*Asks:* 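Pasting a structure here, questions to come.
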Amino acid sequence: MGIHPRHHWNVTPREAIALQKRLAGELRLDTPLDLSRLRVVAGVDVSVRAGRSRAAVVAMRFPDMEVLETVLAEAPTPFPYVPGLLTFREGPVLEEAFRRLRVAPDAFIFDGAGCAHPRGVGVASHMGLWLERPTVGCAKTRLTGWSAGPGPGRGDVAPLLAREPAPDAPHPPQIGAVLRARAGVAPLYVSPGHHIDLASAVALVTACLGRYRLPEPVRAAHRAAALRPAQTGAAGAAAP
DNA sequence: GCGACAG
DNA sequence: ATCTTGTCGC
């Protein structure tokens, strides 16, 4: 996996915001992803505990979702959680995890936002610039935007608009989708990260859904990143 | 000034 | 995200 850093991570919140505004203009959100040619999809997540962050990337074969590789990376948590600046908290350890990846996934699904972000650069979009491959944001709650909400059935989808529609204002652009991954549970907030369009992002997440709320790759990464007091090494996992 | 706010 | 006991439900 070739990684392509665009800037260093030691920045102030003010500088972080300036960087996001610059990077937003470099995203490609109009590229279709042909699922019939997708072979490997990866899930990405980070857990934090006692000032330490652990990143996990789990690559799975598509569409059968067999685990091909799991990599972990650990480091001191370098940045506080600030809504809109999550990437500057998770970015450094995620970069290290990506460097340890031997297989090259055709697409990545992140636990967090893609372009459905105040400045259009959620963690999936931001790291997409590092990966230079298709990335999708799959958040469990809303960061920004407005939606009437999807229907109650599994697979139901509703548009996520940039803001709530106003009577005498132009219709807000669509920045993502709200997806009911399971009947009777809170929906997922899906948005394209980089090198992928919205329709493909929703199709990819939907295709990776199993019997749980989160798409399988993200669920696997979430579990792999879980920071327990003492964890025994798992087969195929790189040392933190 | 007030409310909102990925993980 | 993490801190935490029990509890309701398939």
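Owing to the predicted nature of the structure, the values given are computational and were not obtained by experimental measurement. Letters A, B, ... mirror the listed sequences (proteins, then strands); counts begin at 1.
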*Asks:* Check the geometry between A/Y81 and B/dG7 and answer yes if their rings are stacked (centres below 5.5 Å, planes below 30°), otherwise no.
*Replies:*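 Stacking between A/Y81 and B/dG7: present.
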
*Asks:* Checking contacts here: which listed nucleotide (B/dA4, B/dA6, C/dA1) is nearest the side-chain heavy atoms of A/R142?
*Replies:*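 Between B/dA4, B/dA6, C/dA1, the one nearest the side chain of A/R142 would be B/dA4.
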
*Asks:* Report the distance from atom CG of A/L143 to atom C1' of B/dG3, rounded to the nearest whole Å.
*Replies:*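 Checked: the CG to C1' distance equals 15 Å.
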
*Asks:* From NE2 of A/H126 over to C1' of B/dA6, roughly how many Å is that when rounded to an integer?
*Replies:* 15 Å

*Asks:* Heavy atoms from C-beta onward define the side chain here; which of C/dA1, B/dA6, C/dC3 lies closest to that of A/S47?
*Replies:* C/dA1

*Asks:* Relative to A/Y212, does A/R219 satisfy both conditions: NZ or CZ under 6.0 angstrom from the six-membered ring centre, and within 45 degrees of the ring's axis?
*Replies:*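 The answer is yes, since A/R219 meets both limits relative to A/Y212.
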
*Asks:* Determine, for A/E69 against A/R102, whether the closest basic-nitrogen to carboxylate-oxygen distance falls under 4.0 angstrom.
*Replies:*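 Between A/R102 and A/E69 there is no salt bridge, as every charged N stays at least 4.0 Å from the carboxylate O atoms.
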
*Asks:* Is it the case that the side chain of A/R180 and the backbone of A/G151 share a donor-acceptor pair, with hydrogens and angles ignored and the cut-off at 3.5 Å?
*Replies:*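 Looks like yes, one N/O pair under 3.5 Å.
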
*Asks:* Without decimals, in angstroms, what is the distance between A/R54 CZ and C/dT2 C1'?
*Replies:*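 The distance from CZ of A/R54 to C1' of C/dT2 comes to 15 Å, rounded to the nearest Å.
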
*Asks:* When the distance from CZ of A/F88 to P of C/dA1 is rounded to whole Å, what number comes out?
*Replies:* 21 Å

*Asks:* If Ile, Leu, Val, Met, Phe, Trp and Tyr residues are connected whenever their side-chain heavy atoms lie under 4.5 Å apart, and connections chain through other members, are A/F62 and A/V136 in the same group?
*Replies:* yes

*Asks:* Rounded to the nearest Å, what distance is computed from the CH2 atom of residue A/W146 to the C1' atom of nucleotide B/dC5?
*Replies:*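 Whole-Å distance recorded here is 19 Å.
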
*Asks:* For A/L85, report the nucleic acid contact type (base, sugar-phosphate, nothing); a contact means any heavy atom under 4.0 Å.
*Replies:* base

*Asks:* Can you tell me the distance, in whole Å, between the CD1 atom of A/I17 and the C1' atom of B/dC5?
*Replies:* 13 Å

*Asks:* Over how many whole Å does the gap from A/E90 atom CD to C/dA1 atom P extend?
*Replies:*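 Whole-Å distance recorded here is 10 Å.
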
*Asks:* Pick base, sugar-phosphate or nothing for A/A139, based on heavy-atom distances below 4.0 Å to the nucleic acid.
*Replies:*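 Here A/A139 touches the backbone only, sparing every base.
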
*Asks:* Would you check if A/E74 and A/R52 make a side-chain contact, meaning some heavy-atom pair closer than 4.5 Å?
*Replies:* yes

*Asks:* A/L86 CG to B/dA4 C1': how many Å, rounded?
*Replies:*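 Those two atoms, CG and C1', are 16 Å apart.
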
*Asks:* Give a yes/no on whether any side-chain N or O of A/Y189 is located under 4.0 angstrom from OP1 or OP2 of B/dA6.
*Replies:*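 Result: no.
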
*Asks:* Is there a side-chain polar atom (N or O) of A/K140 under 4.0 Å from OP1 or OP2 of B/dA6?
*Replies:* no

*Asks:* May I ask you to evaluate whether A/R49 reaches the phosphate of C/dC3, defined as a side-chain N or O under 4.0 Å from OP1 or OP2?
*Replies:*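 A/R49 to C/dC3 OP1/OP2: side-chain N or O found under 4.0 Å.
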
*Asks:* Contact class for A/G84 (heavy atom, under 4.0 Å): base, sugar-phosphate, or nothing?
*Replies:* base

*Asks:* Any side-chain N or O of A/H222 less than 4.0 Å from the OP1 or OP2 oxygen of C/dA1?
*Replies:* yes

